[in-house]
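Given the structure is predicted, the values throughout are model-derived calculations rather than measurements. Below, each value reflects all heavy atoms present in this structure, side chains not excepted, and no hydrogens, waters or symmetry copies. Lettering follows sequence order; numbering is per chain, from 1.
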Amino acid sequence: MSGSPDDLPFFGDEEAPRPTPREGGIAARAMAARHQAPQQYLEGLNPEQRQAVETTEGPVLVLAGAGTGKTRVLTTRIAHILATGRAYPSQILAVTFTNKAAREMKARVGVFVGEAIEGMPWLGTFHSIGVKLLRRHAELAGLKSSFTILDTDDQIRLLKQLIQAQGLDDKRWPARQFAQMIDGWKNKGLGPSEIQEGDARAFANGKGRELYAAYQERLKTLNAVDFGDLLLHPIRIFRDHPDVLREYYRKFKYILVDEYQDTNTAQYMWLRLLAQRSKGSASSSREDSAYINICCVGDDDQSIYGWRGAEVDNILRFEKDFPGATVIRLERNYRSTAHILGAASHLIAHNEGRLGKTLFTDQPDPDEPKVKVHAAWDSEEEARAVGEEIEALQAKGHALNDMAILVRASFQMREFEDRFVTLGLNYRVIGGPRFYERQEIRDALAYFRVVAQNADDLAFERIVNVPKRGLGEAAVRQIHDVARIRGVPLLQAARDLAGTEEMKPKPRASLRNLVESFERWQGLLDRMPHTELAEQILEESGYTDMWKNDRSAEAPGRLDNLKELIRSMEEYESLRAFLEHVALVMDTDQNAALDAVSLMTLHSAKGLEFDTVFLPGWEEGLFPHQRALDEGGRSGLEEERRLAYVGVTRAKQNLHIWFTSNRRIYGLWQSTLPSRFLDELPEAHVDVVEDGSVYGGYGQSYGGQQPGRPNPYGRSRFDEPGEVFSSPYSTPGWQRAQRNRSEATARNWGTRSGHQVERVGYGEPDSGYGAGRGSVKGRTIEGEFVAKSVSDTPSAFKVGDRVFHLKFGNGNIAAIDGNKLTVDFDKAGQKRVLDGYVERV
DNA sequence: AAGAGGTCCGTTTTT
DNA sequence: CGGACCTCTT
């Protein structure tokens, strides 16, 4: 085979087909279990699930709708393959996207097969399997198998250096942006020489390709890879070394892929290489079949990651890619009520280009509540009303753990958090900044990385002057120069430099001290428990002291995190093992013991379920998001709709959808229109709720009316009731939404922009909400329109003008700032609004 | 080497 | 508006 440096027994001892499995091995136990209780694991599966489990041969696509038992099918299928002796655990390749999914699958396969999961060495994420492959064959990619894995942060710092080294202005050409471009290319499986000419020119005056190549070159020198490389390198290796690929043909008898709709082009290529037998290169035993036994499980209706490279097309194309494939639809839903399923199906049916599934349930219960659509005045009221509903449910004995609020954008969370803090309601935020991304954790890890792998220049650079030890910019540059000239890692260069007169005495002493420390720690690496060593490193480097001496509010928390870091290292065998884990696994488990409402984005909700789900913010511009519309056009809208579908199908019993009439965006109040998705819900399954007694509704007074809750709402915005609408569908906002659907209203665009021509012209995303609606090229059109309208109306308003606002009523202009007006409304108080939303009276 | 002040920007997120 | 990031200052 490949002749990798660490020639580990590549194919396990159960590799070669043998008449009987090793005694006591997993397969043996599984087979024994099968004899005792014949195919017990198949019981309880419905016919489609069972077919998906038992159709082991040839390509299979399982279209698994939300809540149809997808994971169960996957794990049972593995169990079935093992139990029937079709393959040994090491001959099954099972890939997932997230570590969480991989963990869950391991756990559930373990139930069937016994504890010894190490028998499934090829069950993991695309990336973790990529690492495994690459460590074996590193030299074929010009790397050593000890390569380090860079995270996004390292990647950006590296790119920034390269951009500057090219003499480019790194403000004009941000490294972050270039990192995204590189990610995009790598998602498509493209190396520097393969990218499109246009793409190559799009960055840094045509230097895109050159920079990309320089970056790859630099990574090679650093013996490092980024996440994209974990897929790309194996693809290259498979392509360029048919002998290596052949080993894997022989090895993997069954391939299983989870969440196939989320695969990007590179992942597709990777799978394809492993799954498709080119003529003549296949192993003799299966030469006649064109494809290996590949089973992809996914749901085209839940493809919500197009923006980060996922190709829904992969799943849509499956039958063409794998002729003769068996396609199995799982449509029997075990999660949600008939009303929720009805709503979800009707909504998603508005998408074109889907494979088509309709979820159904066997057990409709006449008492089930319909999906509820609520209207709120603004986001504050929305949060307040949702909070009350949650408290009411809690009072009825529902656990907070069974409830979730799913938002489109994370800024929406704030209002809910504020509200829950006031109410004293437990909540947990899922997603957001993660443990391993915190500054102190990354600093500590950088120390460990240098100790474990002293050529890790990026890590060295990160902490060379943290804590401050007088090694500023000048010193670092000096080290860099030496390293470059002599072609050695920074640590080595530092060691050399510390022994010369080239540096001023003070930094020199400091540098020598640091270098000696690293040498000392390296010497201890194999001599003491790694957790102790880690502690010692943080102590002796002065890192812990740095935070102890920091009197800022967050310092104690950071020290706690460092302790937590050390604690979490205990589970690993060695420092190296721990670092490998951290590089790939960025998530940490939440405190499951606490009973709390979950708060997260719709994206992070995929795969979860809750009895009660709240979906706030169903307004045009927010959901569907304006940017998805502007940049993604029709397919952008469809992805938003799939996101809505994902949200709806998270609910088991109760689903509450909310929209507000006003939302504050970038500090400005803006009128909002109900989301078009609301119109796409079937009336038969939806109740439009008028909870006027709970919240103000449209123009209703709500000052201190709530029993047992003394003035919880602050000021009353209205002194007298205004018009009360019978349902949100008859509100002005709703009606306006209907109008807007068919016609692009020039009124909105034309009058709201005032004096902001240059901002709009420069592409300022002021077009965000309300503008450009219904137009794929909103921004451009708006820009043209604005340019005209401004010359026509040099100044539309002046301070003191009496104006009318569709939502806030009458008021007087108190101040003008460009197109932003501060208006004292008679009833609604002082608000800042865009001039396009008011008219003079 | 911290802090004031200025500028820019503003979905979604894994590995 | 508010956060992140950067620069220039003391």
- request: Using the closest heavy atom to pick a nucleotide of DNA chain B for each, name whichever of E639(A) or S128(A) lands nearer the 5' end.
  value: E639(A)
- prompt: From the list dT12(B), dT15(B), dG3(C), which nucleotide is the closest neighbour of the side chain of W307(A)?
  reply: dT12(B)
Distance-only donor-acceptor test, R627(A) side-chain atoms vs dT12(B) base atoms, 3.5 Å: no
- line: Against the side chain of T98(A), the closest entry in dT11(B), dT12(B), dT15(B) is dT15(B)
message: Whole angstroms only, please: what is the CG-C1' distance between N264(A) and dT13(B)?
response: 13 Å
- prompt: How would you label the contact of T152(A) with the nucleic acid (heavy atoms, under 4.0 Å): base, sugar-phosphate, or nothing?
  reply: base
field: K468(A), nearest nucleotide to its side chain (from dT11(B), dA1(B), dC6(C))
entry: dA1(B)
task: Would you indicate which nucleotide in dG3(C), dT13(B), dT11(B) comes nearest to any side-chain atom of T601(A)?
output: dT13(B)
message: Classify the ring geometry of Y436(A) against H581(A): parallel below 30°, tilted from 30° to 60°, perpendicular beyond 60°.
response: perpendicular
- prompt: Of the candidate nucleotides dT12(B), dC1(C), dT15(B), which contains the atom at the shortest distance from the side chain of H127(A)?
  reply: dT15(B)
field: Candidate nucleotides dT12(B), dT15(B), dG10(B), ranked by approach to the side chain of R408(A) - the nearest
entry: dT12(B)
- prompt: Which comes earlier along DNA chain B counting from the 5' end, the contact point of L230(A) or that of E640(A), where each point is its nearest nucleotide?
  reply: E640(A)
